[in-house]
J.: 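Right, I'll just put the structure down here and ask away after.
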Amino acid sequence: MAFPNSLHSLGKIASKQDATNFVHAFLEVVKARERYLQHRETEITKRTHIRANAEIEITNIREKAQLLRDYFVMTFAERRENFDRCFQLLDAGMSSQNNQQIDAALTLIVKMIDESPLKQANEVMQQLKHRSHDQIIDI
């Protein structure tokens, strides 16, 4: 009878140890799942933040591109008008043989040629890049 009792005792010890191991393993799985869910939420939040920032940046880029287009339309229209006036002044000076008028017209034409609308556009874009939200930029 001693033999079956010792097997019975050994079975109880083994089953208690197996149960303890199972519980520890199960708890590790639960902890790993909790870490995974927490990490997953963090990554979802990061992706949401990235998408929101991307939309803000895309909107800013589109607004700046539209501003640049408008600036070029306005600037080149203004330059065209100024050149037209200068050439009208030059034509009038040549017709009347007025050397002062011819000189003034040529001086204005050369001055306008020296002014680069692209350089001015670059300056405007740099001002936009480095301005505070409430700052007004003179174009």
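This one's a predicted model, so the numbers in the text were calculated from it and none came from an experiment. Here, residue 1 is the first one in the sequence, and each next residue gets the next number.
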J.: Do Arg40 and Glu43 come within less than 4.5 Å of each other through their side chains, counting heavy atoms only?
T.: no
J.: State yes or no: do Met74 and Met112 share one hydrophobic cluster built from I, L, V, M, F, W and Y residues joined by side-chain heavy-atom distances below 4.5 Å, directly or via other members?
T.: no
J.: How far does CD1 of Ile50 sit from OG1 of Thr45, to the nearest 0.5 angstrom?
T.: 11.0 Å
J.: Please give me the minimum heavy-atom distance between Cys86 and Ala105, naming the atom from each residue.
T.: O-CB, 3.6 Å
J.: Could I get the full list of side chain to side chain contact (heavy atoms under 4.5 Å, CB included) partners for Glu115, not counting sequence neighbours?
T.: Arg79, Lys111, Gln120
J.: Any non-hydrogen side-chain atom of Thr20 less than 4.5 Å from a side-chain atom of Val23?
T.: no
J.: First locate atom CG of Asp114, then atom CD1 of Ile109, and finally report the distance between them rounded to the nearest 0.5 Å.
T.: 12.0 Å
J.: I need the Ile56 CD1 to Ile61 CD1 distance, nearest 0.5 Å.
T.: 12.0 Å
J.: Within the structure provided, determine whether Arg33 and Val29 are in side-chain contact (heavy-atom separation under 4.5 Å).
T.: no
J.: Is there a side-chain contact between Gln66 and Arg69, using heavy atoms and a 4.5 Å cut-off?
T.: yes
J.: Leu67 and Leu118: same hydrophobic cluster, using ILVMFWY side-chain contacts below 4.5 Å?
T.: yes
J.: So, are Arg85 and Glu81 salt-bridged, with charged N and O less than 4.0 Å apart?
T.: yes
J.: Atom CD of residue position Gln100 - does it have more than 12 heavy atoms of other residues, nucleotides or ligands inside 6.0 Å?
T.: no
J.: Can you sort out the partners of Phe72 under ring pair (Phe, Tyr, Trp, His ring centres under 6.0 Å), two or more places apart, ordered by chain and number?
T.: Phe76
J.: Would you compute the distance between atom CD of Glu63 and atom CD1 of Ile58 and round it to the nearest 0.5 angstrom?
T.: 12.5 Å
J.: Write down the atom of Gln101, the atom of Ser96, and the distance for their closest heavy-atom approach.
T.: OE1-OG, 3.8 Å
J.: Let me confirm one number: the CD1-CG distance from Ile113 to Leu108, rounded to the nearest 0.5 Å.
T.: 11.0 Å
J.: Measure the spacing between CG of Asn98 and CG of Leu89 and express it to the nearest 0.5 Å.
T.: 8.5 Å
J.: Answer yes or no: is there a side-chain heavy-atom contact under 4.5 Å between Glu28 and Lys31?
T.: yes
